[in-house]
Q: 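Got a structure for you, written out below as structure tokens; questions coming shortly.
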Amino acid sequence: MPAASAQTRASSIRKRALPGLSFALALAAAPLSAQAQPRAAGESAVVTVEADQPGAQVHPDVFGQFMEHLGTGIYGGVWVGEDSPIPNDGGYRTDVLQALKDINVPMVRWPGGCFADEYHWRDGIGPREDRPVKINTNWGGVNEDNSFGTHEFMGFAQRLGARTYVSANLGSGTPAEASQWVEYMTAPAGTTALARERAANGHEDAWTVDYLGIGNELWGCGGNMRAEYAADLTNRFITFAKPGTGEMLKIASGPSDSNYEWTETMMKISGKLIDGLALHFYTRPRDATWEDKGPALGFPEGEWASTLDHTMQMDEFITRHSAIMDKYDPEQRVMLAVDEWGTWYDPEPGANPGFLQQQNSLRDAMVAALNINIFTKHAERVKMAAIAQMVNVLQAMLLTDGPRMVRTPTYHVFDMYEPWQGATVLPVEVAAPMYEKDDVSIPAVSVSAVRGTDGQVHLALVNVDPNRAHPVTIALDGVNPAGAAGRILTARAMDAHNDFENPEVVTPTAFTGARVSRGTVTATLPAKSIVVLQLR
Ligand code: AHR
């Protein structure tokens, strides 16, 4: 859970505009201060894209997913076992596998979360019927039968063609346990006793562990440590975690939200040994407490506005954590890995509150698009991220119920932004009118632009204003396309969502409203819409 200190909202994003005056904030690849430009309400948003000034690469793993032993995120949502009547491939749901392949999931993080620091990997290998049953003390107090363990996780990642992020237990485990797990997974076939044990359990060849998490939220559920102590332990664990095969990047447990002291200490003590520092930030309606976060559906416009206002703080958090990292790592070798992000509302009525089940609406799609635009802006430092969580938990891609499955609005955002995976950032400047509601005042239009691996320029245009369409004029430097086509995600209601009875209420449709003339694209973004265009 986020630390108490992290729950305090910084005031800097709160409404500052004087009555009657609207100022635009820009969201782009250059420093924010260099781009802020006034734009009166009702005027067109004005965007400049510098297609001839390519920036950093958007690492595909920014589109990573988090799966934890939590509720039905794994059991029922991904893993049903070979004997299930639900169609499966070796125990994995075929519908879920296919849906995730369709959005090209690049990386999956497992087994937690808070669960990781209570997880002992030996419980999850060998014949399933012999694996110990334990209690999942973090999430609902339910039985954990360990039927999904290392082999099952690796089999899942292999089926997806995804890179692997394994979180080791630092909080209640030992360096020896972690290093032996790494050896079990990565020692070349036949080389060590653990490699032979792996083979005896059904997998001869080494797997690749692309990322190793060194504990999770060590300031909280991972052990309630001081940063100095956590950093020392991180160094100790890293010293003994040596992969037998492949490169394995070590990700330290990082801050939540605005806990800049944690970043300072971790970078000072561990900055030379780690390859990444995690950042966790969960979006809620702005002034909500953890006890009363508000519902996922049926919320008033004030909660739409404050949720989007809150999520845009990601930009400030990344900027300020990155500035601290720059002091210790000016070469930007150490990545900021936003390995838990997304919305967190009150649990669904009637559901086990420990299962963190919530519906997913157009508001969540907005949160996803805004965050991907922010990650794109910070692509030099943010090289990996994982939305929490992939199936059935918090801001999920997919919801399941028995044999049924539905794609959420957030899933469709990941689908629409697929060209961002591995693309080159193109700097953008945005001058937009403000969307104002109660004490919230945020730019109505957010933009990111990339040159995809297909060589084409792609634009993402997000209108967060639920009441007004906003025209945009996009001047393109260094490219002169003949046309632009793409897709739009929008719906009638702010809380429009997909459920098992109505699975396609929020689904992308063709967007034909963009006009291109002499290096300028014009379009009108309908209220509360996400438009992704490809220039041709
Ligand atoms: O994603 C749910 C939980 O949120 C994770 O287990 C933990 O790391 C965070 O507090």
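Counting starts at 1 for both ligands and their atoms, in listed order. Only heavy atoms go into these numbers, but all of them, side chains included; no hydrogens, no water, no symmetry mates.
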Q: In plain terms, say whether Arg163 and Asp61 are close enough for a salt bridge, that is, a side-chain N and a carboxylate O under 4.0 Å apart.
A: yes
Q: Counting each atom of ligand 1 from 1 as listed, which ones have a heavy atom of Phe66 under 4.0 Å away?
A: 1 (O)
Q: Look at ligand 1 and say whether Phe115 reaches it with a heavy atom at a distance under 4.0 Å.
A: no
Q: If you measure from the Lys or Arg side-chain nitrogens to the Asp or Glu carboxylate oxygens, is any gap between Asp329 and Arg381 under 4.0 Å?
A: yes
Q: Side chain, backbone, both or neither: which part of Asn216 comes within less than 4.0 Å of ligand 1 when only heavy atoms are counted?
A: side chain
Q: Would you mind listing which atoms of ligand 1 come within a distance below 4.0 Å of any non-hydrogen atom of Gln389?
A: 1 (O), 2 (C)
Q: Looking at Trp181 and Ala241, would you say the former's side chain and the latter's main chain have a donor-acceptor pair under 3.5 Å?
A: no
Q: At less than 4.0 angstrom from any non-hydrogen atom of Glu217, what atoms of ligand 1 do you find?
A: 7 (C), 8 (O), 9 (C), 10 (O)
Q: List the steps and the verdict of ring-ring contact (aromatic ring centres under 6.0 Å, His included) for Tyr184 and Trp121.
A: CA-CA 10 Å; Tyr184 182 84; Trp121 68 272; 5.0 Å; yes
Q: Once you restrict to heavy atoms under 4.0 Å, what part of Trp344 touches ligand 1? Side chain, backbone, both or neither.
A: side chain
Q: For ligand 1, indicate whether the residue Val393 contacts it via side chain, backbone, both or neither (heavy-atom separation under 4.0 Å).
A: neither
Q: Report yes or no: is the cationic atom of Arg159 (NZ for Lys, CZ for Arg) under 6.0 Å from the centre of the six-membered ring of Phe156, at an angle within 45° of the ring normal?
A: no
Q: Quick one: which ligand 1 atoms are inside 4.0 Å of a heavy atom on Cys114?
A: 5 (C), 6 (O), 7 (C), 8 (O)
Q: Salt bridge (Lys or Arg N to Asp or Glu O under 4.0 Å) with Glu380: which residues, sequence neighbours excluded?
A: none
